[in-house]
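One structure below.
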Amino acid sequence: MISSSQSLSLLFLSTPVGVLGTGEGGGVELTIKNLAQDLLHSKHQVNILAPKDSYLENIPIETIPGNLQVAVQGEGREAPIRLPANSVLANMCDYARQVQSQYDLIVNFAYDWLPFYLTPFFQTPIAHFISMGSMSEALDEIMRETASRFPNTLGVYTKTQAETFPFADACRCLGSGLDLSLYEFSRESNPEFVWLGRIAPEKGLEDAVAAAEQLGVRLKIFGLLQDQTYWHKILESYPHASIHYGGFLPTHELQQEIRQCRGLLMTPRWVEAFGNVAIEALACGVPVISYRRGGPAEIIQDGKTGFLVEPDSVEGLIKAMKRIGEIDRWACRQQAEAEYSLPALRDRFLQWFNQILTSSK
Ligand code: UDP
């Protein structure tokens with residue numbers, strides 16, 4: 001039996017779709033950073049393998065050269081598995097293979113076929129943290145095989161996310177968490193709303209812009225501009241919307257912007273696996289209005305810390321925006337503190353890691 005107080009040596013495989021710190025990898029970047037930081041503070045050893053130029057303050061990163069993976073959400077369900085020449089993912093796996101004996105456990109954050117396929121070829125056990133819902137037949141298949149050969153090794157953010165997979169019961173829900181000391185509570189707000197995230201079709205930004213335009217309120221937008229064509233189409237379609245795009249900000253600056261706003265709008269077209277931005281807003285005391293779809297539907301307490309709205313209904317967003325004053329901003333902060341602290345996240349992951357290590361002995 002592995003003692004839960006034993007110091008672990010962990011090798012994280014970061015997402016191969018982007019350079020850590022740029023936002024290209026989406027919310028999983030924050031999860032990797034938060035978890036690594038907290039494990040390091042609590043006497044565990046963590047090393048992260050990530051694409052070249054990746055950087056996280058005070059966290060050891062081994063950068064690996066090679067070409068980035070194409071994000072699977074743009075590929076379609078039936079698409080075959082693709083790897084570029086000189087694939088960074090393949091290079092990361094090869095590096096992990098060479099150094100594996102120095103680690104108790106490898107933790108894979110790549111939503112990609114290769115690390116799942118290679119699991120039986122490693123001597124060191126691998127925990128797979130799956131950061132999105134079902135996207136690809138080939139990936140679902142290799143994940144299902146991994147779950148059956150290596151029970152308890154698949155972790156996810158939420159139950160709703162797990163339910164998109166044919167192996168939902170094999171998934172362990174780990175949620176997410178934040179360093180709450182980095183997010184300052186604000187009781188007061190300006191009249192504007194905020195929208196956060198990668199600017200890409202699966203995030204449904206156009207609905208938030210449409211709602212803001214119809215209501216005549218200002219919408220601030222922050223996040224990585226991932227799809228330029230999509231963005232320009234939104235600007236053309238809603239010429240009268242009062243929007244301000246502030247770029248992709250680091251957490252410290254981002255929370256300063258969020259906390260001044262009346263509410264966060266979340267408009268996912270897909271089953272959002274979690275939605276880290278929801279808990280970042282709550283941590284600042286900002287209520288969240290979201291479509292009742294995916295992770296946000298498990299996070300937001302309807303009528304208490306925000307509103308859940310019929311999916312794809314701009315009318316629904318507008319109705320909720322008009323009622324935003326009913327939400328007590330302190331209740332939002334309290335929910336973040338009660339459910340999304342970093343020590344709680346660390347404990348959930350450590351219990352999972354220890355279970356995998358115990359059963360692999
Ligand atoms: N984010 C950021 N700066 C910004 C806007 C967003 O760092 O200006 C981060 C935010 O903290 C969150 C991530 O982008 O961690 C978006 O993640 P989310 O889980 O909401 O969605 P995903 O991109 O994974 O679909």
Side-chain angles (χ1 to χ4, degrees), residues 14-37 54-57 71-74 109-111 129-135 156-158 160-161 164 174-180 182-183 193-205 208 219-227 230-231 243-261 264-284 286 288-291 293-300 306 336 340 342 345:
S14 182
T15 168
V17 304
V19 173
L20 262 184
T22 61
E24 289 162 34
V28 76
E29 285 191 31
L30 190 67
T31 304
I32 292 172
K33 176 175 157 207
N34 286 343
L35 189 63
Q37 208 151 44
S54 291
Y55 174 76
L56 296 176
E57 209 179 336
V72 68
Q73 63 263 38
F109 290 89
Y111 189 108
F129 183 75
I130 303 173
S131 60
M132 293 187 282
S134 171
M135 295 276 141
V156 294
Y157 279 118
T158 56
T160 327
Q161 176 200 359
T164 65
L174 296 154
S176 190
L178 298 175
D179 180 349
L180 291 162
L182 301 179
Y183 298 81
F193 283 77
V194 66
W195 186 98
L196 305 167
R198 290 174 298 107
I199 299 178
E202 65 270 18
K203 297 295 207 172
L205 170 60
L219 182 69
K220 285 185 156 186
I221 300 165
F222 300 95
L224 183 80
L225 218 177
Q226 213 168 33
D227 188 329
Y230 170 67
W231 170 242
I243 54 179
H244 163 81
Y245 173 55
F248 178 81
L249 300 182
T251 298
H252 176 63
E253 290 170 38
L254 184 65
Q255 62 88 31
Q256 284 175 350
E257 294 286 347
I258 299 173
R259 70 175 191 254
Q260 299 172 14
C261 296
L264 169 71
L265 301 181
M266 292 185 75
T267 45
R269 291 270 181 257
W270 67 351
V271 176
E272 186 81 51
F274 187 80
N276 269 328
V277 297
I279 60 174
E280 295 183 274
L282 293 177
C284 299
V286 174
V288 185
I289 295 172
S290 173
Y291 290 150
R293 176 181 274 152
E298 285 181 47
I299 299 168
I300 299 157
Y340 301 109
L342 220 41
L345 179 74

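All ligand and atom numbering here is 1-based and tracks the order in the structure.
- A 4.5 Å side-chain heavy-atom check between M266 and V288 finds at least one atom pair inside the cut-off.
- Ring to ring, Y245 and F222 are not that close: their centroids are 6.0 angstrom or more apart.
- Ligand 1 lies within reach of W270, whose nearest heavy atom is under 4.0 Å from it.
- Nearest protein heavy-atom neighbour of atom 22 (P) of ligand 1: K203 NZ, 3.3 Å.
- Classification of E272 and R293 as a salt-bridged pair fails, no side-chain N sitting under 4.0 Å from a carboxylate O.
- Of the protein's non-hydrogen atoms, E280 OE1, 3.5 Å is the one closest to atom 12 (C) of ligand 1.
- Counting the atoms of ligand 1 from 1 in the order shown, those under 4.0 Å from a heavy atom of V277 are 10 (C), 12 (C), 16 (C), 20 (O).
- Every atom of ligand 1 with a heavy atom of L249 under 4.0 Å away is listed here by number and element: 2 (C), 3 (N), 4 (C), 7 (O), 8 (O).
- L254 counts as a contact of ligand 1, since one of its heavy atoms falls under 4.0 Å from the ligand.
- Without hydrogens or angle criteria, T164 side chain to G133 main chain gives no donor-acceptor distance under 3.5 Å.
- Ligand 1 has G275 within reach: a non-hydrogen atom of the residue lies less than 4.0 Å from it.
- The protein non-hydrogen atom at the shortest distance from atom 19 (O) of ligand 1 is N276 N, 2.9 Å.
- Taking OG of S176 as the reference point, atom CZ of F274 lies at 4.5 Å (rounded to 0.5 Å).
- With respect to atom 9 (C) of ligand 1, the closest heavy atom belonging to the protein is F248 CE1, 4.2 Å.
- The pair R198-E24 does not meet the salt-bridge criterion, since no charged nitrogen lies less than 4.0 angstrom from a carboxylate oxygen.
- Atoms of ligand 1 lying under 4.0 Å from at least one heavy atom of F222, given by number and element, are 5 (C), 8 (O).
- Interface of G247 with ligand 1, defined as ligand atoms under 4.0 Å from a residue heavy atom, comprises 8 (O).
- Relative orientation of the F129 and Y157 rings is perpendicular, given thresholds of 30° and 60° on the angle between their planes.
- Taking every non-hydrogen atom of R198 and a distance limit under 4.0 Å, the qualifying atoms of ligand 1 come out as 22 (P), 23 (O), 25 (O).
- Where the criterion is an N or O separation shorter than 3.5 Å, residue side chain and backbone included, G27 meets it with respect to ligand 1.
- Ligand 1 is never approached by F274 to a heavy-atom distance shorter than 4.0 Å.
- Taking a 4.0 Å cut-off on heavy atoms, E272 registers as neighbouring ligand 1.
- Here the rule is side chain to side chain donor-acceptor pair (under 3.5 Å) with Q256, and of Q260, H252, E253 only H252 fits it.
- Between the side chain of Q161 and the backbone N or O of M132 there is at least one donor-acceptor pair closer than 3.5 Å.
- Heavy-atom minimum distance, V271 versus G294: CG1-CA, 3.7 Å.
- Under the 4.0 angstrom criterion for non-hydrogen atoms, G246 is not in contact with ligand 1.
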